[in-house]
Amino acid sequence: MDDLKKQFAKIYDKNVDAIYRFVFFKVNSEEIAQDLTSEAFMKSWQVFQKEGLKIENPRAFVYRTARNLVIDYYRKKARMTAVSIDDISLPEQGQCLEEKIFINSDFEQVKKALQFLREDYQSIITMHYIEGMSSKEISKVMKRSEGAIRVLLHRALNSLKQEIKEA
């Protein structure tokens with residue numbers, strides 16, 4: 001049991017910040033993101049205690065749990081809210097003021113357009129471009145093949161481009 005706790009503690013320490021950002025990006029509230037992140041790890045811990053080493057990819061499992069909790073949250077609210085990416089920091093080294101303004105204006109445009117996309121499109125763009133997850137990692141979170149993930153990402157980007165053009 002102590003060995004399981006240690007293993008899960010490592011999983012927690014390694015992934016808690018990324019899971020929090022993922023959830024915060026979707027709910028746009030620090031308090032709700034903290035609650036859902038905590039709940040994601042609690043639910044994951046409960047399963048981890050039963051399944052232990054049978055969970056092939058614990059990181060993907062926690063992401064999937066967090067994603068499902070976000071979906072449940074919105075189902076309970078019965079409405080979608082704006083998606084915020086304010087928490088994401090942009091690289092600042094070597095940027096001049098004009099570059100920062102250009103990047104920030106693009107960032108705002110993307111942020112606004114992203115909120116109008118389907119949930120799975122928002123998730124895949126967030127996981128791939130914000131969290132830096134590979135197609136293989138995303139496929140485990142979303143329980144789809146890597147090919148299906150690449151197609152979904154392509155469609156999500158096309159939808160995002162369309163939203164930006166219409167804005």
Side-chain angles (χ1 to χ4, degrees), residues 7-8 10-12 14-29 32-33 35-88 90 106-167:
Q7 287 179 347
F8 195 77
K10 286 180 184 176
I11 294 166
Y12 177 86
K14 189 175 178 182
N15 296 294
V16 67
D17 292 337
I19 296 294
Y20 173 78
R21 280 192 307 271
F22 174 75
V23 173
F24 180 78
F25 188 91
K26 295 185 157 296
V27 299
N28 198 26
S29 163
I32 293 167
D35 289 347
L36 293 178
T37 301
S38 175
E39 191 175 344
F41 277 99
M42 286 300 295
K43 286 188 175 212
S44 297
W45 168 240
Q46 290 169 350
V47 174
F48 197 75
Q49 286 178 304
K50 294 176 188 169
E51 303 289 326
L53 300 175
K54 293 178 187 172
I55 298 173
E56 190 176 309
N57 186 337
R59 181 178 187 219
F61 184 81
V62 176
Y63 262 101
R64 189 170 46 247
T65 303
R67 182 173 178 257
N68 290 339
L69 287 170
V70 169
I71 291 169
D72 290 347
Y73 167 76
Y74 280 115
R75 282 186 182 146
K76 287 177 187 171
K77 283 190 72 163
R79 66 178 179 86
M80 295 294 287
T81 58
V83 175
S84 175
I85 51 179
D86 290 336
D87 193 40
I88 300 164
L90 295 172
D106 284 352
F107 208 58
E108 284 296 318
Q109 196 175 20
V110 170
K111 185 173 75 174
K112 286 179 183 174
L114 197 57
Q115 69 182 326
F116 295 108
L117 299 183
R118 298 177 359 193
E119 191 282 328
D120 56 345
Y121 286 0
Q122 292 177 20
S123 292
I124 197 165
I125 289 172
T126 303
M127 285 189 272
H128 188 72
Y129 292 104
I130 305 300
E131 297 301 327
M133 294 173 70
S134 68
S135 295
K136 185 176 182 178
E137 290 173 308
I138 296 170
S139 72
K140 292 181 180 177
V141 172
M142 298 182 85
K143 291 188 174 181
R144 296 182 182 188
S145 70
E146 283 184 63
I149 292 300
R150 285 190 289 273
V151 169
L152 187 64
L153 183 58
H154 178 75
R155 290 179 181 165
L157 288 175
N158 283 340
S159 290
L160 183 60
K161 286 178 191 173
Q162 190 63 37
E163 287 293 334
I164 290 171
K165 282 181 185 174
E166 292 174 3

Chemist: Less than 6.0 angstrom from the centroid, inside 45 degrees of the normal: does R64 satisfy that with respect to the ring of F61?
Modeler: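 No.
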Chemist: Using every non-hydrogen atom in the two residues, find where A156 and I124 come nearest and quote the distance to one decimal.
Modeler: CB-CG2, 3.8 Å
Chemist: Is the backbone N or O of K26 less than 3.5 Å from a side-chain atom of Y74, with the two atoms forming a donor-acceptor pair by type?
Modeler: yes
Chemist: For K140, which of M133, E56, R59, E146 qualifies under side chain to side chain contact (heavy atoms under 4.5 Å, CB included)?
Modeler: E56
Chemist: Hey, mind stepping through Y63 and E137 against side-chain contact (heavy atoms from CB on, under 4.5 Å) and telling me if it holds?
Modeler: CA-CA 10 Å; Y63 262 101; E137 290 173 308; over 6 Å; no
Chemist: Indicate the ring-plane relationship of W45 and F8, choosing parallel, tilted or perpendicular according to the 30° and 60° boundaries.
Modeler: tilted
Chemist: So do L160 and Y121 actually touch side chain to side chain, heavy atoms under 4.5 Å?
Modeler: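 No, too far: nothing below the 4.5 Å cut-off.
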Chemist: With rounding to the nearest 0.5 angstrom, report the CG to OG distance, L69 to S44.
Modeler: 8.0 Å
Chemist: Which heavy atom in A33 sits nearest to a heavy atom in V27, and how many Å separate them?
Modeler: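 Closest heavy-atom pair between A33 and V27: N-CG2, 3.8 Å.
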Chemist: Do V151 and R144 make a side-chain contact, defined as non-hydrogen atoms from C-beta onward lying under 4.5 Å apart?
Modeler: no
Chemist: Closest heavy-atom contact between I125 and L117?
Modeler: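 So the two residues come closest at CD1-CD1, 3.8 Å.
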Chemist: What are the two closest non-hydrogen atoms of I164 and A113, and how far apart are they?
Modeler: CG1-CB, 3.6 Å
Chemist: Please report the interatomic distance CZ(R67) to CD1(I138), rounded to the nearest 0.5 Å.
Modeler: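 If I round to the nearest 0.5 Å, the distance is 10.5 Å.
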Chemist: Using the rule given for side-chain contact (heavy atoms from CB on, under 4.5 Å), can you reason through Q162 versus L157, listing the C-alpha separation, both sets of side-chain angles and the distance that settles it, and then say yes or no?
Modeler: CA-CA 9 Å; Q162 190 63 37; L157 288 175; over 6 Å; no
Chemist: Is V62 close to K43 at the side-chain level, that is, under 4.5 Å between some pair of heavy atoms?
Modeler: no
Chemist: If every non-hydrogen atom of E131 is compared with every non-hydrogen atom of F22, which pair is closest and at what distance?
Modeler: OE2-N, 3.7 Å
Chemist: Walk me through whether E119 and S123 qualify under side-chain hydrogen bond (donor to acceptor under 3.5 Å, both in side chains).
Modeler: CA-CA 6 Å; E119 191 282 328; S123 292; 2.6 Å; yes
Chemist: Does M42 form a side-chain contact (heavy atoms from CB on, under 4.5 Å) with T37? I'd like the steps, not just the answer.
Modeler: CA-CA 9 Å; M42 286 300 295; T37 301; over 6 Å; no
Chemist: Any salt bridge between E163 and K112, counting N to O under 4.0 Å?
Modeler: no
Chemist: What's the shortest heavy-atom distance between F41 and I11, and which atoms?
Modeler: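 Heavy atoms only, the tightest pair is CE2-O, 4.4 Å.
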